[in-house]
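The block underneath contains the structure these notes are about, expressed in structure tokens.
Just the heavy atoms: all of them, side chains too, but no hydrogens, waters or symmetry mates, feed the values below. Letters A, B, ... mirror the listed sequences (proteins, then strands); counts begin at 1.
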Amino acid sequence: MPLVLYNTLTRQKEAFEPLNPSAVGMYVCGPTVYDRAHIGNARPIIVFDVLYRLLKRLYPSVTYVRNITDVDDKINARAKENGEPISALTERTTRMFHEDIAALNALPPDIEPRATAHIAQMIAMIETLIDKGHAYAAEGHVLFSVPSMPDYGCLSRRSQDELVAGARVEVAPYKKNPADFVLWKPSSDDLPGWDSPWGRGRPGWHIECSAMSAQYLGKTFDIHGGGQDLVFPHHENEIAQSRCAHGQPFARYWVHNGHLMVEGEKMSKSLGNFFTVRDLLEQAPGEAIRLCMLSTHYHQPLDWTNEGLKQARQAMDRFYTALRNAEDVEAVGREELPLEMLAALEDDLNTPLAIAHLHELAGALNKAASPEEKARAKGRLLAAGDALGVLQQDPEHWFKWSAAGGDVDEIEIESLIRQRMEARKARDFALADRIRDDLAARGILLEDGAGGTTWKRA
RNA sequence: GGCCGGGUGGCAGAGUGGCUAUGCAGGGGACUGCAAAUCCCCGUACAUCGGUUCAAUUCCGGUCCCGGCCUCCA
């Protein structure tokens with residue numbers, strides 16, 4: 001079965017046929033680096049990481065481009081607020097972003113272009129748009145002329161009349177049409193700016209993605225992804241800029257992840273349900289966060305709850321328990337993705353179904369009778385986990401994870417376990433149970449297995 | 001108002017025109033000194049009203065709810 005993706009452009013699932021199967025390209029809108037990544041930012045990172053892993057499995061060469069937006073008015077405002085140079089803010093935030101998403105097992109993209117390193121390409125593109133009659137300069141600004149593109153609105157399915165009728169903002173006097181959007185705007189001396197044919201200024205938001213995707217993936221490329229909220233205006237405007245400048249199709253498949261709610265409510269700072277990835281990493285291991293994120297289909301809204309995170313962690317415990325109990329055998333066939341797993345992912349990234357398969361594979365491993373069967377079952381579970389970006393660490397490491405700051409003394413625990421073993425041998429179960437209870441009170445759970453006693457954090 | 005998604009068992013969450021996932025929680029059993037983990041068994045759900053059909057949770061239409069987006073928020 002071929003890969004099928006829901007394409008926002010056509011509003012239906014379509015078989016994915018790359019332009020060039022030996023060079024697949026994917027562009028995903030990355031972060032604006034002015035603050036820590038929040039949990040909502042993490043969803044596209046994880047979703048498109050799964051897609052990237054799948055594409056790499058299906059095609060010999062995949063180029064994944066995810067930009068860093070390091071010029072933006074929110075950045076300017078935050079830097080001013082902090083009293084620090086803009087570059088200090090963007091560099092620090094970029095570093096923290098990398099740390100946070102690495103903890104979620106997201107592979108780095110092949111190319112991670114920064115907007116400020118591509119100003120020349122943006123200016124060139126804007127000049128082309130002016131030359132072709134799709135843009136005009138006015139009062140130091142350059143605006144894209146929406147009426148110059150007859151099928152503007154094809155992605156979000158809006159007509160130009162609706163846009164004008166629904167416009168909520170005050171229309172700037174230099175706009176010829178209320179729907180026109182900014183390609184370039186002037187900068188005062190205290191703001192970042194670059195020399196341009198229209199004076200010193202800075203780019204509008206949308207142009208960077210058009211310029212950078214063209215540079216690294218070509219004018220027409222396979223997949224463009226991002227959050228659902230970007231469909232309009234950001235992606236609509238990218239399409240307008242790129243198609244009008246290049247005179248050829250832009251991205252062929254548009255993939256958008258749904259939004260995230262927290263405990264049934266929209267996430268917002270005022271409701272106090274706003275979490276950063278960092279906050280979450282202090283409560284749960286990255287893999288649990290990742291599994292939780294993948295347990296709802298990417299296209300659906302996801303309700304992020306404490307209970308959901310707890311269940312994801314329990315599920316990971318179950319998988320790692322199966323692996324820990326199969327420690328004695330070497331996995332066989334771990335490079336080969338089980339077919340049902342591949343089928344689930346190829347069907348528009350059905351990760352909830354894929355996770356169900358993970359449970360079945362863990363059950364099969366638990367039930368495996370012979371060492372040969374066990375080795376094969378272990379290989380299958382590991383391969384399936386790898387497709388989702390989980391289960392690749394040492395089970396012992398997983399079970400000994402502790403929240404940041406909460407140190408456990410492993411030496412002491414091992415010593416207490418030995419004391420308990422002695423007590424059990426002497427049939428002093430009162431003492432043995434007291435040791436177990438004391439450890440439990442400290443969040444350490446003991447499990448007596450055939451091969452001895454193991455422990456894990458509650 | 002416009003555009004888009006939804007309403008599935010106690011909860012989460014896939015899926016399907018007839019064979020009714022998966023996990024958690026709950027009940028029973030095996031194993032265990034007792035537990036834990038693991039294994040086995042058990043709970044027959046698809047908002048509502050019509051229609052199509054031999055057969056609909058799944059297709060079509062109406063109704064009622066819920067959510068998102070509508071100019072810089074992933």
Which part of the nucleic acid, if any, lies within reach of A:Arg424 when heavy atoms closer than 4.0 Å are counted: base, sugar-phosphate only, or nothing? base
Should the ring pair A:Tyr320 and A:Phe399 be called parallel, tilted or perpendicular, given that the plane angle runs from 0 to 90° and is split at 30 and 60? perpendicular
Taking any heavy-atom pair under 4.0 Å as a contact, classify A:Asn366: base, sugar-phosphate, or nothing. sugar-phosphate
A:Lys266 near the nucleic acid: base, sugar-phosphate alone, or nothing, with a heavy-atom cut-off under 4.0 Å? sugar-phosphate
B:C4 base / A:Arg157 side chain donor-acceptor hit below 3.5 Å: no
Using a 5.5 Å cut-off between ring centres and planes within 30 degrees, is A:His299 stacked on the base of B:G5? no
Hunt down the Watson-Crick or G-U wobble partner of B:U16, both distances under 3.5 Å, from any strand shown, or write none. none
When rounded to the nearest Å, what value does the distance between C1' atoms of B:G26 and B:C66 take? 29 Å
How far does the C1' atom of B:G61 sit from the matching atom of B:G13, given to the nearest Å? 29 Å
Between A:Lys310 and A:Lys185, name the one whose nearest nucleotide on RNA chain B is closer to the 5' end. A:Lys310
Is the shortest side-chain N/O distance from A:Lys425 to OP1 or OP2 of B:G33 below 4.0 Å? no
Counting only Watson-Crick or G-U wobble pairs whose two distances fall under 3.5 Å, which nucleotide matches B:A37? none
Closest approach to the side chain of A:Phe429, judged atom by atom: which nucleotide of B:C39, B:U71, B:G33 is it? B:G33
Which is true for A:His38 with a 4.0 Å heavy-atom rule: it touches a base, it touches only sugar-phosphate, or it touches nothing? base
What I want to check is whether the side chains of A:Ser156 and A:Arg158 have a donor and an acceptor closer together than 3.5 Å. yes
Across the strands shown, which category fits A:His359 at heavy-atom distances under 4.0 angstrom: base, sugar-phosphate, nothing? sugar-phosphate
Using a 4.0 Å heavy-atom cut-off, does A:Asp73 contact any base of the nucleic acid, only the sugar-phosphate backbone, or nothing at all? nothing
Presence of salt bridge, A:Arg380 and A:Glu340, under 4.0 angstrom: yes
Categorize A:Tyr298 for me: base, sugar-phosphate, or nothing, with a 4.0 angstrom heavy-atom threshold over every strand shown. nothing
Checking contacts here: which listed nucleotide (B:A14, B:A74, B:G5) is nearest the side-chain heavy atoms of A:Leu230? B:A74
P atoms of B:G51 and B:U58, separation to the nearest Å: 14 Å
Using a cut-off of 4.0 Å on non-hydrogen atoms, how would the nucleic acid contact of A:Arg318 be classed: base, sugar-phosphate, or nothing? sugar-phosphate
For atom P, what is the distance between B:A12 and B:G17, given to the nearest Å? 25 Å
By nearest-heavy-atom nucleotide on RNA chain B, the more 5' of A:Thr321 and A:Ser295 is A:Ser295
If I compare all heavy atoms of A:Leu358 with all of A:Met341, which pair ends up nearest, and what's the gap? CD1-CE, 4.2 Å
I'd like the C1' distance from B:U53 over to B:G18, given in whole Å. 12 Å
Between A:Asp35 and A:Lys74, is the closest basic N to carboxylate O distance under 4.0 Å? no
Could you let me know what B:G5 is paired to, Watson-Crick or G-U wobble, both distances under 3.5 Å, or none if it's on its own? B:C66
Out of B:G67, B:C34, B:C70, whichever nucleotide has its closest atom nearest the side chain of A:Arg420: B:C34
What integer number of Å spans the P atoms of B:A25 and B:A47? 27 Å
Consider ring pair (Phe, Tyr, Trp, His ring centres under 6.0 Å). Of A:Tyr253, A:Tyr27, A:Phe48, A:Tyr64, which one does A:His224 pass it with? A:Tyr27
When we call it a touch if two heavy atoms are under 4.0 Å apart, what does A:Asp229 touch: a base, just sugar-phosphate, or nothing? base
When you measure from the side chain of A:Pro44, which nucleotide among B:G5, B:A74, B:G33 comes out closest? B:A74
Using the P atom in both, what is the distance from B:C41 to B:G67, to the nearest Å? 41 Å
Counting just side-chain N and O atoms, does A:Tyr320 come under 4.0 Å of either OP1 or OP2 of B:A37? no
Let's test this: given Watson-Crick or G-U wobble pairing with both distances under 3.5 Å, identify the partner of B:C73. none
In the structure shown, which nucleotide is the Watson-Crick or G-U wobble counterpart of B:C31, with both distances under 3.5 Å? none
For a quick check of understanding: with a heavy-atom distance under 4.0 Å over all strands, which category does A:Gln228 fall into, base, sugar-phosphate or nothing? nothing
What's A:Arg36 touching, base or sugar-phosphate or nothing? Going by heavy atoms closer than 4.0 Å. nothing
With both distances under 3.5 Å as the test, what is the Watson-Crick or G-U wobble partner of B:G23? B:C11
Does a donor on one side chain sit under 3.5 Å from an acceptor on the other, for A:Tyr6 and A:His299? no
A:Asp448 side chain to A:Thr453 side chain, donor-acceptor N/O pair below 3.5 angstrom: yes
Name the nucleic acid region contacted by A:Leu260, choosing base, sugar-phosphate or nothing; use a 4.0 angstrom heavy-atom cut-off, strictly under. base
Under 4.0 Å, heavy atoms only, any strand: does A:Gly363 hit a base, just the sugar-phosphate, or nothing? sugar-phosphate
Of the listed B:U71, B:A14, B:U22, the closest approach to the A:Ala356 side chain comes from B:U22
Check every strand shown and say whether A:Gly40 touches a base, only sugar-phosphate, or nothing at a heavy-atom separation below 4.0 Å. base
For B:G28 and B:A36, measure between their P atoms and round to the nearest Å. 13 Å
Whether A:Asn237 contacts B:U71 is assessed here as follows: a side-chain N or O lying under 4.0 Å from the phosphate OP1 or OP2. Is that the case? no
